[in-house]
Amino acid sequence: MQHWLLKSEPDAFSIDDLKAKKISMWDGVRNYQARNFMKDKMQVGDLAFFYHSNAKPAPHIAGIIKINSKTYPDPTQFDPKSKYFDEKSTEANPRWWLIDVKFIEKFKEPIYLSELKSNKKLKDMMLLQKGSRLSIQPVSLEEWNVILDKLPNVKNLT
DNA sequence: GCCAACGTTGGC
DNA sequence: GCCAACGTTGGC
């Protein structure tokens, strides 16, 4: 199993929104590297951190979600009314793909970016690299466990 | 709101 | 294929 970190701005789609829906499409990814992670590397059942970027009072990991489907074409690319519409994409040859995610857990206390930065064991984490802004990132098992070790209350996720 | 870093576009 | 210009991301 691989682990991931998925970013979303909470004003657009938050972990509370996902909690209410239980399962949701992770739509709107318009970056090829992020898309390729979904298409080529993600497996149904993989776990991911739900990261709130551009969040107030500060960016943070808000909880845990699960990859709940294989990739399929992102329907928003075909919708002229969507802000994610892509006129160069066709149904026969879609450009953009997505997976469904399922709500697993919202942390009682968010894990702030500043906490991650101050942990030496996480210095190689992709999220913390200068200029890194990929919205879908792999997280190593070591990093995953270091972060979860801070959370004695998280239930067994497997 | 600022701005650094990155990604994309399109002229040549 | 280069690269300038533009657009986006996202922390601060």
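Residue numbers begin at 1 in each chain, while the letters A, B, ... track the order of the sequences.
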Qualifying residues under side chain to side chain donor-acceptor pair (under 3.5 Å), relative to Trp26(A), sequence neighbours excluded: none
message: Can you list everything that forms a salt bridge (Lys or Arg N to Asp or Glu O under 4.0 Å) with Lys106(A)? Sequence neighbours excluded, please.
response: Asp16(A)
- request: If you link ILVMFWY side chains whenever their heavy atoms are less than 4.5 Å apart, which other residues fall into the same cluster as Tyr72(A)? By chain and number, please.
  value: Met25(A), Leu98(A)
Which donor-acceptor pairs under 3.5 Å do the side chains of residues 38-50 of chain A make with protein atoms, sequence neighbours left out?
unit_1, atom_1, unit_2, atom_2, d
Asp46(A), OD1, Gln2(A), N, 3.3
Asp46(A), OD2, Trp4(A), NE1, 3.0
Asp46(A), OD2, Gln43(A), N, 3.0

Pairs where residues 117-127 of chain A contributes a residue and the test salt bridge (charged side-chain N to carboxylate O under 4.0 Å, His left out) is met, not counting sequence neighbours: none
message: Checking Glu9(A) now: which residues fulfil salt bridge (Lys or Arg N to Asp or Glu O under 4.0 Å) with it, not counting sequence neighbours?
response: none
query: Earliest and latest nucleotide of DNA chain B, 5' to 3', sitting under 4.0 Å from a non-hydrogen atom of chain A?
result: dA5(B) to dT8(B)
- request: Pick base, sugar-phosphate or nothing for Lys56(A), based on heavy-atom distances below 4.0 Å to the nucleic acid.
  value: nothing
message: Val101(A) and side-chain contact (heavy atoms from CB on, under 4.5 Å): which single residue from Asn68(A), Leu18(A), Ile23(A) fits?
response: Leu18(A)
field: salt bridge (charged side-chain N to carboxylate O under 4.0 Å, His left out) partners of residues 79-98 of chain A, not counting sequence neighbours, each pair once
entry: Asp86(A)-Arg95(A)
Upstream residue (5' side of DNA chain B) when Asn31(A) and Asn54(A) are each assigned their closest nucleotide: Asn54(A)
- prompt: Where along residues 123-140 of chain A does a heavy atom come under 4.0 Å from DNA chain C, residue by residue in number order?
  reply: Arg133(A)
- request: Describe the nucleic acid contact of Tyr51(A) in one word from base, sugar-phosphate, nothing, applying a heavy-atom distance below 4.0 Å.
  value: sugar-phosphate
